[in-house]
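Presented below is the structure to which this report refers.
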Amino acid sequence: MMRSLFSAVTGLKTHQTKMDVIGNNVSNVNTAAFKSSRVVFSDIMYQTTSAASAANGLTGKGGVNAKQIGLGVTTGATKVTITSPGSAETTGDPFDIRLTDKVSTNFFIVNNGMQNVFTRAGSFYIDGAGNLAMTSTGYTVMGWQVDPATGDIRKDTVSALRVMQEKNLTSAPEATSAGTIGGIIDNNDVNVTSDEGHKMNLSFFDKLGYRYIAQFSLKLVDEKTGDYTIELTDILDSDNKSILTEYLEGGGDLAAVFGRNTTAKKTYPITDDKISYMTDGDYNLGYQGEGYYYSYATFDTAGNAITEYVQVTMDIANNTYTVPSYTYYADAQSGIDQTGGITTNEQTGSVTELFGITQAQLNANGSATPPTGSFNTTTGAYEYTVPAVNYTLKINPDNGEFSYVGMQGSDQVTLNLADTLGNKFLDIDIDFSTCLNSDNGGKSTISAEGGFENGTIGKGKPLGVMIGISIDNNGKIFGAYDNGNTILLGQIAVAQFANASGLEKIGENCYKTTLNSGDFDGIGVEVGADGSSMTSGELEMSNVDLSTEFTQMIITQRGFQSNSRIITVSDTLLEELINLKR
């Protein structure tokens with residue numbers, strides 16, 4: 001009689017425990033990443049009034065089962081449904097992160113100031129110290145830092161992710177190292193044919209992030225041959241001050257900034273028809289002293305070689321040369337006239353043809369004489385150097401397509417800054433391969449911009465200020481800067497456990513390890529190692545299923561009522577027993 005009373009009491013207590021768990025589940029239906037629990041019942045013990053007996057073959061009696069009376073129920077376990085994910089809630093906040101598990105159950109690692117604990121609630125914010133922290137508790141989020149030597153993540157012991165520290169607030173500037181001049185050149189454009197030429201501005205940066213403007217001029221030289229010149233006219237700083245003028249006034253060479261010394265060669269065979277001659281020997285065209293001379297080699301009466309020079313007159317302005325009429329006798333040095341001497345007739349011709357250079361190169365030389373050089377007797381070529389300040393841009397006159405710039409086979413030239421204007425600059429390679437010649441209604445669109453491949457390579461950047469932070473699917477944290485840079489700031493690590501349901505809830509949406517959950521190694525793992533991921537702008541909702549909870553509530557209520565009835569009936573039986581003595 002008394003056993004039923006106590007069994008019913010254990011039933012009331014156990015159902016009350018289950019009701020408490022249900023109440024906790026329902027109360028946390030809107031708690032981010034909350035994991036519901038369920039109670040597992042277990043019977044307590046049994047009083048055996050008669051032990052079991054075996055079958056007896058001699059007497060023919062069968063075996064008898066034991067007679068046991070149960071003594072009630074207890075709470076066997078409170079099981080957390082930790083591997084069951086909650087639904088996704090979109091928040092739009094970049095610091096709200098939802099974990100999506102593939103194989104293992106992942107947990108964020110946070111530190112409460114004394115130890116690392118674990119959570120699924122990814123509602124984070126940046127605290128006053130610049131740390132990524134839990135919104136609800138302020139616990140700092142732990143992860144891996146960036147190796148300053150490589151710029152990559154260093155996966156060692158986790159530490160607080162201080163993403164808003166001073167060094168992360170700005171992004172270092174970058175010097176410009178590449179540029180592009182491209183577009184349509186229209187020969188009907190009055191600017192292209194003018195003395196000033198078509199103006200183009202190239203914006204670039206030095207290593208400190210200061211901005212400058214390099215000004216170029218495009219001029220048409222010969223429409224039939226498709227020759228143009230590209231000239232550097234000035235370089236201005238951010239205050240509109242000409243640093244190119246300052247460099248030149250200090251003794252600098254313009255050709256060293258934009259241009260180079262190009263060696264050209266011209267061969268003069270014996271049968272050259274540019275200059276007619278009568279000779280017993282050969283002739284050379286060379287540079288001697290301060291002028292260009294036509295040299296004759298002949299022999300005296302004794303057979304000795306004698307060389308005499310006739311000066312060649314160069315008219316740069318009119319692009320002509322003249323070899324004067326001259327007669328020389330072999331032994332003229334002795335003052336005795338001899339027959340069989342050498343006679344030349346006055347000849348004229350084009351300097352550009354004679355030296356194998358273009359009119360643009362001739363004009364660029366800017367002096368009263370052709371480029372300085374010498375005759376190479378071994379190769380039979382006149383070798384000279386042209387200070388090419390203005391580069392030649394060659395466009396195919398037949399189809400209007402780019403041919404070369406500077407020299408055949410080249411699609412770029414260099415603005416030499418490092419060795420001329422200072423080491424805070426980088427030399428800038430300027431690509432011309434996208435230049436075209438076409439009728440565009442008298443308007444040229446050719447212009448200059450920093451960087452190759454649509455400004456993605458070598459454009460240069462000023463100092464950048466942080467304008468935002470983003471977190472990718474692998475937990476990597478990136479800073480975005482107003483100069484276009486994106487810099488890796490750290491990575492959120494996660495923890496995985498052999499038995500995630502063995503973790504102990506400690507409140508505030510956090511768990512700690514137990515002897516049955518497995519240990520945390522202090523390093524963590526990358527969330528994508530098993531295909532899992534993080535989603536920024538979303539939170540994991542509670543996995544509480546209200547329909548299940550209310551169903552369990554009904555079952556629990558009926559179980560509690562049933563146990564209370566056991567007590568009531570047992571009380572009635574006791575009352576009948578007491579009434580026997582009346």
Side-chain angles (χ1 to χ4, degrees), residues 169-183 189-192 194-219 228-261 360 363-366 387-393 405-406 412-432 435 444-452 455-465 481-485:
L169 298 181
T170 58
S171 171
E174 297 176 15
T176 302
S177 61
T180 300
I181 292 182
D189 185 347
V190 294
N191 293 320
V192 173
S194 69
D195 293 338
E196 296 295 325
H198 176 78
K199 301 296 184 181
M200 297 171 290
N201 289 341
L202 173 64
S203 176
F204 67 95
F205 300 92
D206 65 12
K207 295 176 182 178
L208 304 179
Y210 291 104
R211 186 187 299 269
Y212 300 83
I213 298 292
Q215 297 181 334
F216 297 92
S217 177
L218 170 73
K219 299 178 183 179
Y228 303 83
T229 60
I230 299 294
E231 177 184 359
L232 173 67
T233 59
D234 209 346
I235 299 177
L236 307 176
D237 63 14
S238 56
D239 294 327
N240 213 34
K241 177 184 176 182
S242 175
I243 61 173
L244 181 60
T245 299
E246 183 177 321
Y247 166 74
L248 296 177
E249 290 177 349
D253 180 12
L254 179 60
V257 181
F258 190 71
R260 59 169 179 252
N261 291 330
N363 293 341
N365 188 48
V389 176
N390 300 335
Y391 283 108
T392 297
L393 172 63
V405 63
Q412 66 183 49
V413 293
T414 301
L415 182 60
N416 302 297
L417 301 177
D419 292 334
T420 56
L421 301 185
N423 290 330
K424 67 179 180 179
F425 296 98
L426 292 180
D427 293 340
I428 303 176
D429 296 326
I430 306 176
D431 181 81
F432 283 80
C435 293
S444 297
T445 63
I446 184 170
S447 60
E449 65 176 349
F452 285 166
T456 59
I457 300 176
K459 185 174 183 178
K461 298 172 183 178
L463 181 71
V465 177
Y481 300 83
D482 60 5
N483 64 353
N485 278 353

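Each residue takes its place number in the sequence, starting with 1. The basis for the numbers below is simple: all heavy atoms, side chains too, and nothing from hydrogens, waters or symmetry mates.
Here Glu196 pairs with Lys199 under the salt bridge (Lys or Arg N to Asp or Glu O under 4.0 Å) rule; sequence neighbours left out. Applying the ring pair (Phe, Tyr, Trp, His ring centres under 6.0 Å) criterion to Phe432, with sequence neighbours excluded, gives no partner residue. By the side-chain hydrogen bond (donor to acceptor under 3.5 Å, both in side chains) test, Asp427 is found to be paired with no residue, residues two or more places apart in sequence or in another chain being considered. Checked against side-chain contact (heavy atoms from CB on, under 4.5 Å), Pro173 has the following partners two or more places apart in sequence or in another chain: Leu463. For Asp429, the side-chain hydrogen bond (donor to acceptor under 3.5 Å, both in side chains) partners two or more places apart in sequence, or in a different chain, are Thr414. Annotation: side-chain contact (heavy atoms from CB on, under 4.5 Å) contacts of Asp237 (sequence neighbours excluded): Tyr212, Asp239, Lys241, Ile243. Listed by chain and residue number, nothing satisfies the salt bridge (Lys or Arg N to Asp or Glu O under 4.0 Å) test with Lys461 (two or more places apart in sequence, or in another chain). Partners of Ala178 under the side-chain contact (heavy atoms from CB on, under 4.5 Å) rule, at least two apart in sequence or in another chain, are Phe452. In this structure, the side-chain contact (heavy atoms from CB on, under 4.5 Å) partners of Leu218, at least two apart in sequence or on a different chain, are Ile185, His198, Met200, Tyr228, Ile230, Leu393, Ile446. Ser444 is linked by a side-chain hydrogen bond (donor to acceptor under 3.5 Å, both in side chains) to Asp189, counting only residues two or more places apart in sequence or in another chain. Under the rule for a side-chain hydrogen bond (donor to acceptor under 3.5 Å, both in side chains), Thr445 has no partner lying at least two apart in sequence or in another chain.
Considering only heavy atoms from C-beta on, Ile235 comes within 4.5 Å of Leu232 through its side chain.
Using modelled atom types, no side-chain atom of Thr180 and backbone atom of Asp431 make a donor-acceptor pair closer than 3.5 Å.
Under the 3.5 Å distance criterion, with hydrogens and angles disregarded, no donor-acceptor pair is assigned to the side chains of Asn390 and Thr229.
Taken from CG in Leu208 to CZ in Phe425, the straight-line distance is 9.0 Å, to the nearest 0.5 Å.
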